[in-house]
2 protein chains.
Amino acid sequence: MKDLVFDFISKYISLTEDERNAILSTDLFQSVKKGTVLLREGQKSKESYFVLKGCIRVYYIKDGEEKTTAFCTEMDAFTPHCVINKTPSEYFISCVEDTTLTVSNSEMEAEINSKFPKFEIMCRMLSEELLAKQRIDFDEFKTSSPEQRYLNLLQKRPDLIQRVPQHQLASYLGIKPQSLSRLRSRILEKSKE
Amino acid sequence: MKDLVFDFISKYISLTEDERNAILSTDLFQSVKKGTVLLREGQKSKESYFVLKGCIRVYYIKDGEEKTTAFCTEMDAFTPHCVINKTPSEYFISCVEDTTLTVSNSEMEAEINSKFPKFEIMCRMLSEELLAKQRIDFDEFKTSSPEQRYLNLLQKRPDLIQRVPQHQLASYLGIKPQSLSRLRSRILEKSKE
DNA sequence: TAAAATCGTTCACTTAAGTGAAGAAATGAT
DNA sequence: ATCATTTCTTCACTTAAGTGAACGATTTTA
(Lines give C-alpha, C1' and ligand atoms only; values in the text may rest on other atoms or scores of the structure.)
Protein backbone atom coordinates (compact mmCIF):
# COMPACT_ATOMS: atom_id res chain seq x y z
CA MET A 1 0.00 0.00 0.00
CA LYS A 2 2.79 2.39 0.91
CA ASP A 3 4.34 1.70 -2.48
CA LEU A 4 1.45 3.56 -4.07
CA VAL A 5 2.71 6.80 -2.57
CA PHE A 6 6.18 6.22 -3.97
CA ASP A 7 4.76 5.26 -7.35
CA PHE A 8 2.91 8.55 -7.33
CA ILE A 9 5.93 10.59 -6.26
CA SER A 10 8.10 8.96 -8.91
CA LYS A 11 5.98 10.65 -11.57
CA TYR A 12 7.50 13.95 -10.46
CA ILE A 13 10.87 13.35 -8.80
CA SER A 14 13.18 10.44 -7.96
CA LEU A 15 13.99 9.74 -4.34
CA THR A 16 17.12 8.66 -2.48
CA GLU A 17 16.99 6.14 0.33
CA ASP A 18 17.21 8.99 2.84
CA GLU A 19 14.28 10.78 1.34
CA ARG A 20 12.14 7.67 1.28
CA ASN A 21 12.89 7.10 4.92
CA ALA A 22 12.07 10.69 5.79
CA ILE A 23 8.61 10.10 4.41
CA LEU A 24 8.13 6.69 6.00
CA SER A 25 9.17 8.02 9.39
CA THR A 26 6.33 10.51 9.41
CA ASP A 27 3.57 8.02 10.15
CA LEU A 28 1.30 9.34 7.45
CA PHE A 29 -0.96 6.40 6.85
CA GLN A 30 -4.47 6.06 8.24
CA SER A 31 -7.36 3.69 7.69
CA VAL A 32 -10.78 5.17 8.36
CA LYS A 33 -14.26 3.66 8.42
CA LYS A 34 -17.04 4.62 6.06
CA GLY A 35 -18.93 7.62 7.40
CA THR A 36 -16.00 9.03 9.36
CA VAL A 37 -15.93 12.82 9.18
CA LEU A 38 -12.37 14.01 8.53
CA LEU A 39 -13.10 17.75 8.55
CA ARG A 40 -16.07 19.79 9.77
CA GLU A 41 -17.35 23.21 8.82
CA GLY A 42 -15.91 25.85 11.14
CA GLN A 43 -12.89 23.71 12.03
CA LYS A 44 -9.34 24.98 11.63
CA SER A 45 -7.29 22.17 10.17
CA LYS A 46 -3.77 21.85 8.80
CA GLU A 47 -4.30 18.45 7.23
CA SER A 48 -3.97 17.46 3.59
CA TYR A 49 -5.14 14.15 2.21
CA PHE A 50 -4.01 11.68 -0.39
CA VAL A 51 -6.38 8.79 -1.04
CA LEU A 52 -4.81 5.36 -1.52
CA LYS A 53 -7.97 3.29 -1.47
CA GLY A 54 -11.61 4.24 -1.03
CA CYS A 55 -13.43 7.52 -1.51
CA ILE A 56 -13.80 10.77 0.37
CA ARG A 57 -16.38 13.44 -0.28
CA VAL A 58 -16.39 17.22 0.11
CA TYR A 59 -19.73 18.82 0.93
CA TYR A 60 -21.30 22.00 2.22
CA ILE A 61 -24.43 22.23 4.33
CA LYS A 62 -26.58 25.12 3.09
CA ASP A 63 -30.14 25.62 4.35
CA GLY A 64 -29.90 22.23 6.01
CA GLU A 65 -29.10 20.58 2.68
CA GLU A 66 -25.93 18.75 1.77
CA LYS A 67 -24.26 20.07 -1.37
CA THR A 68 -21.55 17.72 -2.57
CA THR A 69 -18.84 19.38 -4.65
CA ALA A 70 -16.00 16.86 -4.86
CA PHE A 71 -15.12 13.19 -4.64
CA CYS A 72 -11.53 12.05 -4.19
CA THR A 73 -10.73 8.46 -5.04
CA GLU A 74 -7.59 6.39 -5.56
CA MET A 75 -4.50 8.59 -6.19
CA ASP A 76 -6.33 11.87 -5.66
CA ALA A 77 -4.75 14.57 -3.50
CA PHE A 78 -6.78 17.16 -1.64
CA THR A 79 -5.67 20.15 0.41
CA PRO A 80 -8.63 21.95 1.98
CA HIS A 81 -9.02 25.68 1.44
CA CYS A 82 -8.79 26.30 5.19
CA VAL A 83 -5.27 24.85 5.29
CA ILE A 84 -4.01 27.28 2.67
CA ASN A 85 -6.00 30.23 3.93
CA LYS A 86 -5.75 29.56 7.67
CA THR A 87 -9.45 30.22 8.10
CA PRO A 88 -12.25 28.02 9.51
CA SER A 89 -13.40 25.44 6.98
CA GLU A 90 -16.40 26.26 4.78
CA TYR A 91 -17.13 22.59 4.20
CA PHE A 92 -17.14 19.04 5.50
CA ILE A 93 -15.11 16.09 4.33
CA SER A 94 -16.21 12.55 5.07
CA CYS A 95 -15.60 9.00 3.89
CA VAL A 96 -18.02 7.49 1.39
CA GLU A 97 -16.35 4.09 1.88
CA ASP A 98 -13.80 2.52 4.19
CA THR A 99 -10.75 4.46 3.13
CA THR A 100 -6.97 4.27 3.39
CA LEU A 101 -5.21 7.59 2.98
CA THR A 102 -2.23 9.63 3.98
CA VAL A 103 -2.84 12.56 6.27
CA SER A 104 -0.08 15.13 6.36
CA ASN A 105 -0.07 18.41 8.21
CA SER A 106 1.26 21.61 6.72
CA GLU A 107 3.95 22.21 9.34
CA MET A 108 5.41 18.82 8.70
CA GLU A 109 5.27 19.42 4.98
CA ALA A 110 7.10 22.74 5.39
CA GLU A 111 9.80 20.97 7.36
CA ILE A 112 10.30 18.27 4.75
CA ASN A 113 10.24 20.84 1.96
CA SER A 114 13.00 22.87 3.56
CA LYS A 115 15.06 19.76 4.27
CA PHE A 116 14.59 18.32 0.78
CA PRO A 117 14.12 21.06 -1.84
CA LYS A 118 13.10 18.33 -4.25
CA PHE A 119 9.78 18.07 -2.45
CA GLU A 120 9.20 21.76 -2.89
CA ILE A 121 9.60 21.22 -6.63
CA MET A 122 7.22 18.29 -6.58
CA CYS A 123 4.58 20.27 -4.70
CA ARG A 124 4.90 23.11 -7.16
CA MET A 125 4.55 20.79 -10.14
CA LEU A 126 1.65 18.93 -8.62
CA SER A 127 -0.35 22.00 -7.70
CA GLU A 128 0.29 23.64 -11.06
CA GLU A 129 -0.93 20.49 -12.74
CA LEU A 130 -4.00 20.21 -10.54
CA LEU A 131 -4.78 23.88 -11.06
CA ALA A 132 -4.70 23.52 -14.83
CA LYS A 133 -6.69 20.28 -14.76
CA GLN A 134 -9.31 21.73 -12.46
CA ARG A 135 -9.69 24.73 -14.72
CA ILE A 136 -10.50 22.41 -17.62
CA ASP A 137 -13.06 20.61 -15.46
CA PHE A 138 -14.62 23.92 -14.48
CA ASP A 139 -14.70 25.01 -18.12
CA GLU A 140 -16.42 21.78 -19.13
CA PHE A 141 -18.96 22.22 -16.38
CA LYS A 142 -19.75 25.79 -17.43
CA THR A 143 -20.11 25.00 -21.09
CA SER A 144 -22.34 21.95 -20.85
CA SER A 145 -25.84 21.00 -19.78
CA PRO A 146 -26.63 18.72 -16.82
CA GLU A 147 -27.27 15.85 -19.23
CA GLN A 148 -23.93 16.38 -20.99
CA ARG A 149 -22.20 16.59 -17.61
CA TYR A 150 -23.68 13.26 -16.60
CA LEU A 151 -22.64 11.59 -19.84
CA ASN A 152 -19.21 13.15 -19.46
CA LEU A 153 -18.90 11.74 -15.94
CA LEU A 154 -20.00 8.35 -17.24
CA GLN A 155 -17.00 8.51 -19.59
CA LYS A 156 -14.40 9.91 -17.26
CA ARG A 157 -15.25 8.43 -13.88
CA PRO A 158 -17.67 5.55 -14.46
CA ASP A 159 -16.76 4.07 -11.08
CA LEU A 160 -18.21 7.10 -9.26
CA ILE A 161 -21.69 6.40 -10.54
CA GLN A 162 -21.49 2.93 -9.05
CA ARG A 163 -19.93 3.69 -5.71
CA VAL A 164 -21.65 6.93 -4.76
CA PRO A 165 -25.32 7.57 -3.79
CA GLN A 166 -27.40 9.32 -6.48
CA HIS A 167 -28.39 12.29 -4.37
CA GLN A 168 -24.72 13.07 -3.72
CA LEU A 169 -23.95 12.75 -7.42
CA ALA A 170 -26.81 15.12 -8.20
CA SER A 171 -25.37 18.12 -6.41
CA TYR A 172 -21.96 17.20 -7.79
CA LEU A 173 -23.60 17.68 -11.21
CA GLY A 174 -25.21 20.91 -10.07
CA ILE A 175 -28.82 19.63 -10.01
CA LYS A 176 -31.44 18.12 -7.66
CA PRO A 177 -31.75 14.35 -7.11
CA GLN A 178 -35.15 14.30 -8.84
CA SER A 179 -33.65 15.92 -11.91
CA LEU A 180 -30.84 13.39 -12.04
CA SER A 181 -33.37 10.58 -11.80
CA ARG A 182 -35.44 12.08 -14.62
CA LEU A 183 -32.38 12.78 -16.74
CA ARG A 184 -31.22 9.19 -16.37
CA SER A 185 -34.54 7.77 -17.50
CA ARG A 186 -34.55 10.25 -20.40
CA ILE A 187 -31.18 8.93 -21.54
CA LEU A 188 -32.42 5.36 -21.14
CA GLU A 189 -35.44 6.10 -23.33
CA LYS A 190 -33.24 7.62 -26.02
CA SER A 191 -30.91 4.62 -26.10
CA LYS A 192 -33.86 2.25 -26.59
CA GLU A 193 -34.92 3.90 -29.83
CA MET B 1 3.94 49.84 -13.68
CA LYS B 2 6.80 47.39 -13.07
CA ASP B 3 6.45 48.08 -9.37
CA LEU B 4 3.13 46.24 -9.48
CA VAL B 5 4.93 42.98 -10.14
CA PHE B 6 7.23 43.51 -7.18
CA ASP B 7 4.30 44.50 -4.97
CA PHE B 8 2.67 41.24 -5.93
CA ILE B 9 5.80 39.16 -5.34
CA SER B 10 6.35 40.78 -1.96
CA LYS B 11 3.17 39.12 -0.73
CA TYR B 12 5.01 35.79 -0.92
CA ILE B 13 8.76 36.36 -0.66
CA SER B 14 11.21 39.23 -0.20
CA LEU B 15 13.75 39.92 -2.91
CA THR B 16 17.39 40.96 -2.92
CA GLU B 17 18.72 43.49 -5.41
CA ASP B 18 20.15 40.62 -7.47
CA GLU B 19 16.85 38.86 -7.67
CA ARG B 20 15.00 42.00 -8.70
CA ASN B 21 17.51 42.55 -11.46
CA ALA B 22 17.21 38.98 -12.64
CA ILE B 23 13.52 39.62 -13.20
CA LEU B 24 13.94 43.02 -14.80
CA SER B 25 16.55 41.66 -17.20
CA THR B 26 14.08 39.19 -18.68
CA ASP B 27 12.11 41.74 -20.67
CA LEU B 28 8.79 40.44 -19.50
CA PHE B 29 6.56 43.42 -20.13
CA GLN B 30 4.25 43.78 -23.08
CA SER B 31 1.50 46.19 -24.06
CA VAL B 32 -1.12 44.75 -26.38
CA LYS B 33 -4.08 46.29 -28.17
CA LYS B 34 -7.69 45.36 -27.57
CA GLY B 35 -8.66 42.39 -29.69
CA THR B 36 -5.16 40.92 -29.90
CA VAL B 37 -5.21 37.13 -29.73
CA LEU B 38 -2.49 35.90 -27.37
CA LEU B 39 -3.17 32.19 -27.78
CA ARG B 40 -5.12 30.16 -30.33
CA GLU B 41 -6.74 26.76 -30.18
CA GLY B 42 -4.34 24.10 -31.43
CA GLN B 43 -1.27 26.19 -30.69
CA LYS B 44 1.58 24.89 -28.52
CA SER B 45 2.64 27.72 -26.24
CA LYS B 46 4.96 28.00 -23.28
CA GLU B 47 3.76 31.40 -22.17
CA SER B 48 2.21 32.40 -18.86
CA TYR B 49 0.53 35.73 -18.27
CA PHE B 50 0.22 38.18 -15.45
CA VAL B 51 -2.14 41.09 -16.06
CA LEU B 52 -1.00 44.49 -14.85
CA LYS B 53 -3.67 46.60 -16.48
CA GLY B 54 -6.58 45.70 -18.72
CA CYS B 55 -8.42 42.44 -19.23
CA ILE B 56 -7.82 39.20 -21.05
CA ARG B 57 -10.40 36.55 -21.80
CA VAL B 58 -10.27 32.76 -22.15
CA TYR B 59 -12.75 31.21 -24.56
CA TYR B 60 -13.48 28.03 -26.46
CA ILE B 61 -15.11 27.82 -29.86
CA LYS B 62 -17.63 24.98 -29.88
CA ASP B 63 -20.06 24.50 -32.78
CA GLY B 64 -18.97 27.88 -34.08
CA GLU B 65 -19.96 29.55 -30.81
CA GLU B 66 -17.65 31.33 -28.41
CA LYS B 67 -17.82 30.01 -24.86
CA THR B 68 -16.07 32.33 -22.46
CA THR B 69 -14.81 30.66 -19.31
CA ALA B 70 -12.45 33.14 -17.67
CA PHE B 71 -11.53 36.79 -17.40
CA CYS B 72 -8.19 37.89 -15.96
CA THR B 73 -7.91 41.47 -14.81
CA GLU B 74 -5.43 43.50 -12.77
CA MET B 75 -3.12 41.27 -10.67
CA ASP B 76 -4.46 38.02 -12.06
CA ALA B 77 -2.03 35.31 -13.14
CA PHE B 78 -2.86 32.73 -15.78
CA THR B 79 -0.90 29.72 -16.99
CA PRO B 80 -2.67 27.95 -19.86
CA HIS B 81 -3.31 24.23 -19.60
CA CYS B 82 -1.24 23.60 -22.72
CA VAL B 83 1.88 25.02 -21.02
CA ILE B 84 1.61 22.57 -18.13
CA ASN B 85 0.50 19.66 -20.24
CA LYS B 86 2.62 20.30 -23.32
CA THR B 87 -0.36 19.67 -25.58
CA PRO B 88 -2.04 21.90 -28.19
CA SER B 89 -4.29 24.49 -26.59
CA GLU B 90 -8.00 23.72 -26.20
CA TYR B 91 -8.88 27.39 -26.08
CA PHE B 92 -8.19 30.94 -27.19
CA ILE B 93 -7.00 33.88 -25.13
CA SER B 94 -7.55 37.42 -26.32
CA CYS B 95 -7.59 40.97 -24.98
CA VAL B 96 -10.91 42.51 -24.04
CA GLU B 97 -9.20 45.89 -23.61
CA ASP B 98 -5.82 47.43 -24.32
CA THR B 99 -3.75 45.45 -21.84
CA THR B 100 -0.36 45.61 -20.17
CA LEU B 101 0.92 42.28 -18.94
CA THR B 102 3.98 40.21 -18.30
CA VAL B 103 4.58 37.27 -20.59
CA SER B 104 6.98 34.67 -19.27
CA ASN B 105 7.91 31.40 -20.88
CA SER B 106 8.26 28.18 -18.94
CA GLU B 107 11.90 27.55 -19.83
CA MET B 108 12.86 30.94 -18.53
CA GLU B 109 10.85 30.31 -15.38
CA ALA B 110 12.60 26.99 -14.85
CA GLU B 111 15.95 28.73 -15.15
CA ILE B 112 15.08 31.42 -12.64
CA ASN B 113 13.58 28.85 -10.28
CA SER B 114 16.75 26.80 -10.28
CA LYS B 115 18.92 29.88 -9.82
CA PHE B 116 16.77 31.33 -7.05
CA PRO B 117 15.01 28.60 -5.06
CA LYS B 118 12.94 31.35 -3.47
CA PHE B 119 10.99 31.62 -6.71
CA GLU B 120 10.23 27.95 -6.64
CA ILE B 121 8.69 28.50 -3.21
CA MET B 122 6.69 31.46 -4.44
CA CYS B 123 5.35 29.50 -7.40
CA ARG B 124 4.35 26.66 -5.11
CA MET B 125 2.58 29.00 -2.72
CA LEU B 126 0.85 30.88 -5.50
CA SER B 127 -0.45 27.83 -7.32
CA GLU B 128 -1.60 26.20 -4.09
CA GLU B 129 -3.46 29.37 -3.25
CA LEU B 130 -5.02 29.67 -6.70
CA LEU B 131 -5.98 26.00 -6.66
CA ALA B 132 -7.81 26.37 -3.36
CA LYS B 133 -9.46 29.63 -4.41
CA GLN B 134 -10.55 28.21 -7.73
CA ARG B 135 -12.07 25.22 -5.99
CA ILE B 136 -14.21 27.56 -3.89
CA ASP B 137 -15.31 29.39 -7.06
CA PHE B 138 -16.19 26.09 -8.70
CA ASP B 139 -18.11 25.01 -5.61
CA GLU B 140 -20.07 28.26 -5.60
CA PHE B 141 -20.87 27.84 -9.25
CA LYS B 142 -22.11 24.29 -8.77
CA THR B 143 -24.27 25.08 -5.80
CA SER B 144 -26.03 28.15 -7.13
CA SER B 145 -28.51 29.15 -9.83
CA PRO B 146 -27.67 31.44 -12.77
CA GLU B 147 -29.41 34.31 -10.98
CA GLN B 148 -27.42 33.73 -7.78
CA ARG B 149 -24.23 33.50 -9.84
CA TYR B 150 -24.96 36.85 -11.43
CA LEU B 151 -25.68 38.50 -8.08
CA ASN B 152 -22.55 36.90 -6.71
CA LEU B 153 -20.50 38.32 -9.56
CA LEU B 154 -22.05 41.72 -8.97
CA GLN B 155 -20.67 41.52 -5.43
CA LYS B 156 -17.25 40.08 -6.15
CA ARG B 157 -16.26 41.57 -9.49
CA PRO B 158 -18.62 44.48 -10.19
CA ASP B 159 -16.11 45.95 -12.65
CA LEU B 160 -16.47 42.92 -14.97
CA ILE B 161 -20.13 43.68 -15.62
CA GLN B 162 -19.15 47.14 -16.79
CA ARG B 163 -16.13 46.36 -18.87
CA VAL B 164 -17.15 43.13 -20.60
CA PRO B 165 -19.84 42.55 -23.28
CA GLN B 166 -23.01 40.84 -22.03
CA HIS B 167 -22.82 37.86 -24.36
CA GLN B 168 -19.35 37.04 -23.06
CA LEU B 169 -20.55 37.38 -19.49
CA ALA B 170 -23.44 35.05 -20.26
CA SER B 171 -21.33 32.03 -21.10
CA TYR B 172 -19.07 32.88 -18.18
CA LEU B 173 -22.21 32.44 -16.06
CA GLY B 174 -23.06 29.22 -17.88
CA ILE B 175 -26.12 30.56 -19.75
CA LYS B 176 -27.21 32.11 -23.10
CA PRO B 177 -27.15 35.88 -23.71
CA GLN B 178 -30.96 36.00 -23.91
CA SER B 179 -31.22 34.34 -20.52
CA LEU B 180 -28.83 36.82 -18.98
CA SER B 181 -30.85 39.66 -20.43
CA ARG B 182 -34.09 38.21 -19.05
CA LEU B 183 -32.52 37.45 -15.69
CA ARG B 184 -31.30 41.02 -15.39
CA SER B 185 -34.72 42.49 -16.08
CA ARG B 186 -36.24 40.00 -13.59
CA ILE B 187 -33.88 41.29 -10.91
CA LEU B 188 -34.70 44.86 -11.85
CA GLU B 189 -38.43 44.15 -11.47
CA LYS B 190 -37.89 42.60 -8.05
CA SER B 191 -35.90 45.57 -6.79
CA LYS B 192 -38.68 47.98 -7.85
CA GLU B 193 -41.25 46.36 -5.57
C1' DT C 1 -20.60 59.67 -43.03
C1' DA C 2 -23.02 55.83 -44.71
C1' DA C 3 -23.41 50.93 -44.89
C1' DA C 4 -22.52 46.73 -42.51
C1' DA C 5 -21.85 44.04 -38.71
C1' DT C 6 -22.35 43.20 -33.96
C1' DC C 7 -24.83 43.54 -29.75
C1' DG C 8 -28.60 43.77 -26.38
C1' DT C 9 -33.38 43.23 -25.59
C1' DT C 10 -37.89 41.39 -26.26
C1' DC C 11 -41.35 37.93 -27.69
C1' DA C 12 -43.61 33.46 -28.34
C1' DC C 13 -42.76 28.89 -27.88
C1' DT C 14 -40.26 24.57 -26.31
C1' DT C 15 -37.67 22.03 -23.16
C1' DA C 16 -35.82 20.97 -18.90
C1' DA C 17 -34.94 21.90 -14.07
C1' DG C 18 -37.08 23.09 -9.34
C1' DT C 19 -40.72 21.84 -5.93
C1' DG C 20 -43.65 19.17 -2.99
C1' DA C 21 -45.71 14.93 -2.28
C1' DA C 22 -46.21 10.00 -2.42
C1' DG C 23 -44.79 5.43 -2.61
C1' DA C 24 -41.51 1.61 -3.52
C1' DA C 25 -36.95 -0.14 -2.67
C1' DA C 26 -32.86 -0.50 -0.19
C1' DT C 27 -30.30 0.10 3.90
C1' DG C 28 -29.35 0.26 8.70
C1' DA C 29 -30.46 -0.50 13.60
C1' DT C 30 -32.43 -2.92 17.42
C1' DA D 1 -36.32 -10.59 11.59
C1' DT D 2 -38.62 -6.49 12.02
C1' DC D 3 -39.04 -1.73 12.24
C1' DA D 4 -37.31 2.72 11.01
C1' DT D 5 -34.76 5.52 8.14
C1' DT D 6 -32.85 6.76 4.03
C1' DT D 7 -32.74 6.65 -0.83
C1' DC D 8 -34.60 6.51 -5.43
C1' DT D 9 -38.18 7.12 -8.56
C1' DT D 10 -42.42 8.97 -10.28
C1' DC D 11 -46.03 12.45 -10.77
C1' DA D 12 -48.28 16.96 -11.37
C1' DC D 13 -47.26 21.55 -11.31
C1' DT D 14 -44.28 25.83 -11.40
C1' DT D 15 -40.41 28.33 -12.80
C1' DA D 16 -36.67 29.37 -15.56
C1' DA D 17 -33.50 28.40 -19.29
C1' DG D 18 -32.98 27.24 -24.49
C1' DT D 19 -34.38 28.50 -29.24
C1' DG D 20 -35.38 31.20 -33.24
C1' DA D 21 -36.76 35.43 -34.84
C1' DA D 22 -37.33 40.39 -34.93
C1' DC D 23 -35.97 45.02 -34.00
C1' DG D 24 -33.53 48.97 -32.37
C1' DA D 25 -29.02 50.55 -30.72
C1' DT D 26 -24.30 50.55 -30.87
C1' DT D 27 -19.95 49.84 -32.94
C1' DT D 28 -16.98 48.90 -36.75
C1' DT D 29 -15.30 49.57 -41.29
C1' DA D 30 -14.99 51.20 -45.74
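All values reported here derive from a predicted model rather than from experimental measurement. Residue numbers start from 1 in every chain, and the chains themselves are labelled A, B, ... in the order their sequence lines are given, proteins ahead of strands.
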What is the separation between atom [atom1] on [X] and atom [atom2] on [N], rounded to the nearest whole Å?
X        : N      : atom1 : atom2 : result
B:Leu183 : C:dG8  : CG    : P     : 15 Å
A:His167 : C:dA26 : NE2   : P     : 17 Å
A:Asp63  : C:dT19 : CG    : P     : 10 Å
B:Arg149 : D:dA17 : CZ    : C1'   : 11 Å

Reckon A:Lys34 has a side-chain N or O less than 4.0 Å from the OP1 or OP2 of C:dG28? yes
Between [X] and [Y], does any side-chain N to carboxylate O distance fall below 4.0 Å?
X        : Y        : value
B:Arg157 : B:Asp76  : yes
A:Glu97  : A:Arg57  : no
A:Glu129 : A:Lys133 : yes

Heavy-atom nearest nucleotide on DNA chain D for A:Gln168 versus B:Arg186: which residue maps closer to 5'? A:Gln168
Atom pairs under 3.5 Å, N or O on each side, protein against nucleotides 9-13 of chain C: can you list them with distances?
| unit_1 | atom_1 | unit_2 | atom_2 | d |
| --- | --- | --- | --- | --- |
| C:dT9 | OP2 | B:Ser181 | OG | 3.2 |
| C:dT9 | O5' | B:Ser181 | OG | 3.1 |

So which nucleotide from D:dG18, D:dA17, C:dA17 ends up closest to the side chain of A:Ile175? C:dA17
Would B:Phe78 and B:Phe50 count as a close aromatic pair, with their ring centres under 6.0 Å? no
Against B:Asp98, only a single residue in B:Lys33, B:Arg163, B:Lys34, B:Lys53 fulfils salt bridge (charged side-chain N to carboxylate O under 4.0 Å, His left out); can you say which?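 It is B:Lys33, the one option of B:Lys33, B:Arg163, B:Lys34, B:Lys53 that forms the salt bridge (charged side-chain N to carboxylate O under 4.0 Å, His left out) with B:Asp98.
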Which pair of non-hydrogen atoms, one from A:Val37 and one from A:Ser94, has the smallest distance, and what is that distance?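 That closest heavy-atom pairing would be CA-CB, 3.9 Å.
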